[in-house]
Amino acid sequence: MDDCIFCKIVRNEIPNTVVYEDDDVKAFLDITQVTPGHTLLVPKKHVADIFEYDADLAATVFSRIPKITKAIKASNPAIQGMNICNNNGAVAYQSVFHSHIHLIPRYTADDSFAMQFGDNSADYTADQLQAIADGIHAQLED
Ligand code: 5GP
Ligand code: ZN
């Protein structure tokens, strides 16, 4: 992927601030620093989003999360928590189409990061929920 910005970061063709790197993944500071220490974890292999992962790639990439998140937390005693976000598709706020996982340390709830989970539970009967679950279950692959 010659024109992919994260492939260029993986290849060190553009400046980046590396936090962790091995044969399969790279973690570097997000340029926007939503909070101090905001880090992106990417597979070195170009995949656009979660729908292009197989189980082995997911195991490889996601297995690095505890090591890196613990290091981020240990790096600053003011860190109280961490959001781990993976946006897939423009509708889900993905803007760089090389899969990446945001590791966002939280120092206070009153910062420039926010997530909102609306509560639509009153709109669903148990049968409707079951129908949704059945539809997903029917699509599961081995
Ligand atoms: P997304 O919106 O796709 O979930 O997140 C993409 C992230 O990539 C954004 O948080 C953005 O700040 C970050 N980003 C975009 N371009 C660069 C860059 O050139 N260097 C770094 N370090 N981060 C970038
Ligand atoms: Zn890429």
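We count ligands from 1, going down the list as the structure has it; atoms in each ligand are counted the same way. These numbers come from a predicted model, not from an experiment.
For a distance threshold of 2.8 Å, the protein N, O or S atoms nearer than that to the Zn ion (ligand 2), listed by chain and number, are C4 SG, C7 SG, H46 ND1, H98 ND1.
Of the possible donor and acceptor atoms, none in the side chain of Q139 sits under 3.5 Å from a partner among the backbone N and O of D134. A donor-acceptor pair is defined here as one N or O able to donate and one able to accept, closer than 3.5 Å; such a pair exists between the side chain of D22 and the backbone of V25. Between the Q33 side chain and the H38 main chain, a donor and an acceptor come within less than 3.5 Å of each other. Judged purely by atom type and a 3.5 angstrom limit, N88 uses its side chain to pair as donor or acceptor with the backbone of N86.
Taken together through direct or relayed side-chain contacts under 4.5 Å among Ile, Leu, Val, Met, Phe, Trp and Tyr, V61 and V18 form parts of separate hydrophobic clusters.
The existence of a salt bridge linking D23 and K44 is excluded, since no basic side-chain nitrogen approaches an acidic carboxylate oxygen closer than 4.0 Å. At a threshold of 4.0 Å, the pair D24-K45 does not count as salt-bridged, since none of the basic side-chain nitrogens sits closer than that to a carboxylate oxygen.
Between atom CG of residue L40 and atom CZ of residue F6 there is a gap of 5.0 Å, rounded to the nearest 0.5 Å.
A heavy-atom distance below 4.5 Å is not found between the side chains of N83 and H102.
Protein residues lining ligand 1, listed by chain and number: I5, F6, I9, F28, L29, D30, I31, T32, L40, N87, Y93, Q94, S95, V96, H100, H102 [non-hydrogen atoms, distance under 4.0 Å].
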